Protein chains: 2
Amino acid sequence: MANTPAKKPSRIQQRNRKRILDAALEVFSRHGYRGATLDQIADEAGLSKPNILYYFDGKEDIHVSLLNQLMQTWLDPLDAMDPDGEPLSELLAYVHRKLEMSRDFPRESRLFANEILQGAPRMGPHLKSGLKPLFDKKTALIQRWIDAGKLAPVDPRHLVFSIWATTQHYADFDAQVRVLLNGEKSIPDSADSYLDTLFRKLLTP
Amino acid sequence: MANTPAKKPSRIQQRNRKRILDAALEVFSRHGYRGATLDQIADEAGLSKPNILYYFDGKEDIHVSLLNQLMQTWLDPLDAMDPDGEPLSELLAYVHRKLEMSRDFPRESRLFANEILQGAPRMGPHLKSGLKPLFDKKTALIQRWIDAGKLAPVDPRHLVFSIWATTQHYADFDAQVRVLLNGEKSIPDSADSYLDTLFRKLLTP
DNA sequence: GTGGTTCCTGACCGTATGGTCAAATTCAGA
DNA sequence: TCTGAATTTGACCATACGGTCAGGAACCAC
């Protein structure tokens, strides 16, 4: 029913499904899949628990819907890397966009981190079908840039890993970063310039 | 009782507490605190559930014991950075040690990652009392090295963050890395040389 | 061996949690 | 306004889980 909307969803459908997904993002990202409860999500969404089960087939369905919905958003910045652009600035722009996402969507970042940490039990297929092809395509692009002498020679796969790691660290390890930076906002402006320097020095031929 | 061992623990005590902690590390690191069950831990340890509760006061007690025990191990590599050593090689050696830990102790890495991701509910104090002082001490040391012209000028705090992020990424996001590297071992040797290059280029004055 | 301590277990308990359902309420089109 | 479909809910249910307890088994001086 709610899972196979053959017809157009009503206004109430749209509004409530959105409310539920918003609430679920909040709860799942803070407590992980197992730590989140339907009651919490219902409470956060301002709906009753049975009502939530009216819109989704179950806890897992909500979680999967969230992951599916987010996957695209998450990959967009990488996808936006332009083969015809100037290699170094394309990559640095990607770093910047990725850091910006940690700033603007920390919950999404933690949701993914949680899922991957647990071994991606509900996302394995999506990784293979969604992320992998894009990863292969973009690492190949970077390799071409390197072969053309536009970038210093590095392993493109590790390059991408390190971009992800350094940018997402601020969102995923927020609790730690906050303690170590004396409670400042966890992504100070200095992070931007640091990462810019880090990757600029690495990649400049 | 088990929690306040005023007297020396018997041989059986030592053996079984170790078994339990080993099992708990396995289970907690794979499923997170909330996702782990005492039954799983008992099963993994080859002990009955009540027997486990004979040695520990409860699930939380086991988790806290694990975190306490691991904190030291986790900080050792950073602590080993020698103020009297050659700055660049000290830092690169630290990167190398940290990557080695992701290789050798991925479960420990994921245990910490899980805890921090959830907002460090059971480790906040330890971060402040254990990690923070060491972090401050070592970032100050790096700053002195920079001021002495031995390293390129970078923000030491972000430098440490990026070292942690890039090295732990391979353990924490193992499931993702494995997919993207076509199922190879998730920390290939190429990671070592990549990270060496990354930080060498950044830090060489 | 014997007695006391340590270690271990089966059976059980209370609660939390994911999920169901019949009935009530609201909504939208005629 | 009326009517059927969509939406909402209170009351329940079954299970999983953390934890308890009384008593039994194993161990260890003596």
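All figures in this text were calculated on a predicted structure; none of them were measured in a lab. Just so we're on the same page: letters track the sequence lines, and every chain starts at 1.
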Inset, instruction - For B:Leu53, report the nucleic acid contact type (base, sugar-phosphate, nothing); a contact means any heavy atom under 4.0 Å. - result: base

Legend entry - Protein-nucleotide distance (A:Gln40, atom CD; C:dG18, atom P), rounded to Å: 9 Å

Inset, instruction - Tell me, please, whether B:Tyr170 has B:Arg103 positioned over its six-membered ring: NZ or CZ under 6.0 Å from the ring centre and within 45 degrees of its axis? - result: no

Inset, instruction - Report the distance from atom CZ of A:Phe56 to atom P of C:dG18, rounded to the nearest whole Å. - result: 15 Å

Legend entry - B:Asn51 side chain, from C-beta outward: closest of C:dT9, D:dG18, C:dG18: C:dT9

Legend entry - A:Tyr55 OH to D:dT9 C1', straight-line distance once rounded to whole Å: 13 Å

Inset, instruction - Would you kindly check whether a donor in the side chain of B:Lys49 faces an acceptor in the base of D:dG18, or vice versa, at under 3.5 angstrom? - result: yes

Legend entry - Under-4.0 Å side-chain N/O to phosphate OP1/OP2 contact, B:Arg34 with D:dA16: no

Inset, instruction - Round to a whole Å and report the spacing from CD of A:Glu60 to C1' of C:dG19. - result: 14 Å

Legend entry - Atom pair distance, as rounded to whole Å: NZ in B:Lys59 and P in D:dT20: 15 Å

Legend entry - Phosphate-side-chain proximity, B:Asn16 and C:dC8, N/O vs OP1/OP2 below 4.0 Å: yes

Legend entry - C:dT9 OP1/OP2 closer than 4.0 Å to side-chain N/O of B:Tyr54: no

Inset, instruction - Answer with base, sugar-phosphate or nothing: what part of the nucleic acid does A:Ala36 contact at a heavy-atom distance below 4.0 Å? - result: sugar-phosphate

Legend entry - Main-chain N/O of A:Asp82 paired with A:Glu90 side-chain donor or acceptor, under 3.5 Å: yes

Inset, instruction - Would you verify whether the NZ or CZ of B:Lys201 falls within 45 degrees of the ring axis of A:Phe199 while also being under 6.0 Å from that six-membered ring's centre? - result: no

Legend entry - Euclidean distance, atom CG of residue A:Asp57 to atom C1' of C:dT20 [Å, nearest integer]: 13 Å

Legend entry - Under-4.0 Å side-chain N/O to phosphate OP1/OP2 contact, B:Gln13 with C:dC7: yes

Inset, instruction - Round to a whole Å and report the spacing from CG of B:Leu38 to C1' of D:dT20. - result: 13 Å

Inset, instruction - Examine A:Phe161 together with A:Phe135 and report whether their ring centres are nearer than 6.0 Å. - result: yes

Legend entry - Nucleotide D:dG18, atom P - distance to CD1 of B:Ile41 in whole Å: 8 Å

Inset, instruction - Using modelled atom types only, decide if a donor and an acceptor are shared between the side chain of A:Arg178 and the backbone of A:Gly183 within a distance under 3.5 Å. - result: no

